[in-house]
Protein chains: 2
Amino acid sequence: MDTTQRTDQQRSADRRRRELLEAADRVVLRDGPQASMNAIAAEAGITKPILYRHFGDKGGLYAALATRHTDALLDSLRAALDAPADRRERVESTLDTYLAAIEARPQVYRFLMHPSEGGQGGDHGFDVGKHSAPLLRRMGEELAQVIEERVDLGPGSQQLARVWGHGIVGMMHAAGDWWLGERPCSQAELVRSLADLLWGRLAAAGDRVGGPGF
Amino acid sequence: MDTTQRTDQQRSADRRRRELLEAADRVVLRDGPQASMNAIAAEAGITKPILYRHFGDKGGLYAALATRHTDALLDSLRAALDAPADRRERVESTLDTYLAAIEARPQVYRFLMHPSEGGQGGDHGFDVGKHSAPLLRRMGEELAQVIEERVDLGPGSQQLARVWGHGIVGMMHAAGDWWLGERPCSQAELVRSLADLLWGRLAAAGDRVGGPGF
DNA sequence: CGTACGGTGTTACTAGCGGTAACCGAAGTA
DNA sequence: TACTTCGGTTACCGCTAGTAACACCGTACG
């Protein structure tokens, strides 16, 4: 009977948890990363202690929220990354998927990338702020794995793949962040430029000799 | 007489300002980005309102502090970037300089990269949190300028250079961040791997055909 | 029928943050 | 001596994250 009772309770708890997460989602979508626990509780129609009973602390809630979106984004990226196409096409498709995602919901994206942990809540320290941007790390690791699986890099391939995974993800992230703020070109142009960079066009280009007015 | 008096005052104010900045530096170096205004004031041997008289708000102080280190780092990078050597050498030297800098003072580096602005001080909004990581942006723009000056990219070179500038800086940043946390390899190896990536080794590598157990 | 109990929820609080108003005392000047 | 001005402090505001203590409500058990 203990099990059945616990099942009931857990079901109810899970439903509540999902409701709370959706409320938190709405608030984050509206207020950005600085959404307060009070605001989230109000949006959910309850008060703070309930949030704390469900998620422990703000880091817990943020982690749960981040995991959701992170998983969704990673699924999309995996699909683009594993498609049966040639490498350049896959790379461009992945970049495109990422950019489309961050463009579709910038607030969520900013929340995932810059959780803005102050950790000023007294002496308890902050657990989640330690890993500054879990999404970036996870994307880096996954990309590394795909590279190592599908590209022949010779000796030391694992190390190399990991460096490249994190490097490429960082490139994508920074360029996307900048692009999202300034919109200096179309999405397709950005994708092509980045792919060109990865394809060694920087190394292949010649030195510029005749500067302006020289 | 107004001018002379103001000079005296301004000299004194500048000295104070430098003292305060150095105190703030010490605290940030010790406590990381979540250093509080109280702590900084205490370290400087004064009280909060003086800090606010000098820097306006926390964003102002952080901006002043960041500008200092940012300028120093950018100077080093410019030196490496403008050296009279071939491109690959310059790229490796620049990466090396950056990694050495973030390794030397990780706390300062984390402060510069993740200012963690909550902007929760009432209704006044937050000015500095708007641009999340000014250092990255500045590095991206500077690199873009150097690329555009020295590399012949054909038509659309300015756009391309800017995308590459921000992309490369992001690559460097993400890889450095990951490397600083996990230390999976030596600094020289990291530099070489990243340069290899920029030199198109990803595109040049062949597909892996015989996976493990396949 | 009454009673003790676990779960759900609230109010009211602590401690610390960024930021500010109002006061205080020591200089210089008429 | 009286008045202003500047460096500095105390004491406060409104906000945050997080918590302790209490209240309600259905249910099992004597």
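Hydrogens, waters and symmetry mates play no part in the numbers below; they use all other heavy atoms, side chains included. Letters A, B, ... mirror the listed sequences (proteins, then strands); counts begin at 1.
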Candidate pair A/Tyr62 and A/Phe111, rule ring-ring contact (aromatic ring centres under 6.0 Å, His included), full reasoning
CA-CA 9 Å; A/Tyr62 273 29; A/Phe111 161 73; 4.9 Å; yes
My understanding is that only residues two or more places apart in sequence, or in another chain, count here; which of them pass salt bridge (Lys or Arg N to Asp or Glu O under 4.0 Å) with B/Arg30?
B/Glu43
Spacing of B/Arg15 atom CZ relative to D/dG7 atom C1', expressed in whole Å
14 Å
Any salt bridge between B/Glu92 and B/Arg88, counting N to O under 4.0 Å?
yes
More than 12 non-hydrogen atoms from neighbouring residues, nucleotides or ligands closer than 6.0 Å to CZ on A/Arg87, yes or no?
yes
Can you tell me if CD on B/Gln187 sees more than 12 non-hydrogen neighbours from other groups inside 6.0 Å?
yes
For the residue pair A/Asp25 / A/His69, report whether a side-chain donor-acceptor contact shorter than 3.5 Å exists.
yes
Taking OH from B/Tyr62 and C1' from C/dG18, how many angstroms apart are they, rounded to a whole number?
11 Å
Ordered by number, residues from residues 46-56 of chain B within less than 4.0 Å of DNA chain D (heavy atoms) are B/Ile46, B/Thr47, B/Pro49, B/Ile50, B/Arg53
What is the separation between atom NZ on B/Lys58 and atom C1' on D/dT16, rounded to the nearest whole Å?
13 Å
Grab the CG-P distance between B/Asn38 and D/dC15 for me, whole Å please.
19 Å
